[in-house]
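Keep in mind that the numbers below use all heavy atoms, side chains included, and drop hydrogens, waters and symmetry copies. Numbers here simply count residues along the sequence, with the first being 1.
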Amino acid sequence: MFQLDQIERQLPVAPTRNPAAPTALGGIRVIDFSHFIAGPYATMMLADFGADVIKIEAPGKGDDFRHYPPTDPKLPAQGASFFFANRNKRSVALDLKNSAALELVRELIAVSDVLVENFSTGVMQRFGLDPQTCLKLNPRLVYCSVPAYSRDGEFADRPGFDPVVQAESGFMSMNGHADRDGVRALSPVMDLGTSMMVSNTVLAALMARHATGRGQYCEVSLFDSAVAMLGYAPMQYLLGGMEPQRNGNVSPDTSPSGVFHCTDGSFYVNSGNDRIFERLVAGVLQRPDVAADPRFNNRVGRNQHRAELFPLLEQAFADKPWAYWSAKFREAGIPSGQVRTVSQALASDEVAARGLVTRVSHPVAGWVPNLTPPARLQDTPVVDPVAAPSLGQHTQEVLREVLGCDDARLAQLSAAGAFGAT
């Protein structure tokens, strides 16, 4: 496990971009009312592309995700999970129950391009920040809601989190072993999938604004995204009546695809078609007889006779280490990979080659880890990474820069309680 005092010697410094290069979203301002993952990860992607993302948080506590473990006493309200989804943002702490603070928020919305929120249904309305009001205030605004369920209809009042929609969407029923209950994915795949949908939806609305000159209201719900994240399973059912079954680590569509074992660990092989199978068995394993066996020489037969095929492969793989098989697979073009823990993956050659784990400066800790965005744009590269902000770190900076507040107005706002209890 990386410790903060080890980061400097274990992780490379994040590389810097060409300062003369433009950014993809330079000049776009985002007002971010979102919390946890589905909203914040989406707005972080916009920030990585150069948007100025202003995260509005409640004074004192802020985003609940700030407090998810592990945390460091030296970094209050900046746990590891919060760093994951809030890079390159500015934090403004305002008490939305305070009229002076709400006036500031309305002023910020009036000069912004995008608003993202994932409160429970009705919260933004109670603040007087519903889509209709905000679009009257700023007709060019792209207002994107990220509810658990649609804001319209009989489920609008329901709260929801990633594992709940994993269960309800059918996703959980597809994962795990056949003789046990379905298993949730530990990674928040529905939150992350929703984030991608939110980011794409906001970008599409901004593109539409170029043609129409107007903003619009958008919605991307967690549940709707979860159904999309089922992949092609719904179409298999709707067109062919195929109800997905739990198959453990074995693919229901291709064979041999699954986890196998060697002398020093386990690995995954994915034989997606007949040509790969032939290269694997006749080439790597030197078993042309198995490749020609009528039970195994086509995809349908291999799926039907998986119980006979897999033991043959397990026996062949069992007497040599992963380094041996890895070289053979790579030479033969066999899709395969070692089954790793998270720590092993982060220390892997593949991660190092792409610079996916780096360190960035932090005003208190000195350095904190950083996960490099997967998007690589040649002409408009992502911005240099800045660690997730402390709560309210940029309140005065943003109000001075964006709204032109002077010392006198800031003092009045503070006295009025806009920034919370002093």
Open item on the list: One thing to verify: whether E168 and R158 come together as a salt bridge, which I'm taking to mean a side-chain N less than 4.0 angstrom from a carboxylate O.
Closed with: yes
Task: V53 side chain near N86 side chain, heavy-atom distance below 4.5 Å - done: no
TODO: Evaluate whether atom CD of E278 has more than 12 neighbouring non-hydrogen atoms of other residues, nucleotides or ligands under 6.0 angstrom away.
DONE: no
TODO: Calculate, to the nearest 0.5 Å, the distance between atoms CZ and CD belonging to R306 and Q304 respectively.
DONE: 10.0 Å
Task: Close aromatic pair by centroid cut-off 6.0 Å: F82 and H67 - done: no
Task: Residues E103 and R106 bridged, charged N to O under 4.0 Å - done: yes
Open item on the list: Less than 3.5 Å apart, any donor N or O on the side chain of Q338 or S326 sitting next to an acceptor on the other?
Closed with: no
Task: Side chains of N270 and S257, donor plus acceptor under 3.5 Å - done: yes
Task: Side chain to side chain, R184 and L186, heavy atoms closer than 4.5 Å - done: yes
- [ ] For N118 and H35, indicate whether the former's side chain and the latter's backbone hold a donor-acceptor pair under 3.5 Å.
- [x] yes
Open item on the list: Do I56 and I54 make a side-chain contact, defined as non-hydrogen atoms from C-beta onward lying under 4.5 Å apart?
Closed with: yes
- [ ] May I ask you to test the L96-L102 pair for a side-chain heavy-atom distance under 4.5 Å?
- [x] yes
Task: Side-chain heavy-atom pair R90, P389 within 4.5 angstrom cut-off - done: no
Task: Whether Y68 and F36 hold their rings parallel, tilted or perpendicular, with breakpoints at 30° and 60° - done: perpendicular
Open item on the list: Would you call the rings of F317 and F329 parallel, tilted or perpendicular, taking 30° and 60° as the class edges?
Closed with: perpendicular
TODO: Decide yes or no on side-chain contact (heavy atoms from CB on, under 4.5 Å) for F296 and S255, but give the supporting numbers first.
DONE: CA-CA 9 Å; F296 308 138; S255 180; over 6 Å; no
- [ ] Run the salt-bridge test on R302 and D274 with the 4.0 Å N-O cut-off and return the result as yes or no.
- [x] yes
Task: Side-chain touch Y41/M196, heavy atoms, less than 4.5 angstrom - done: yes
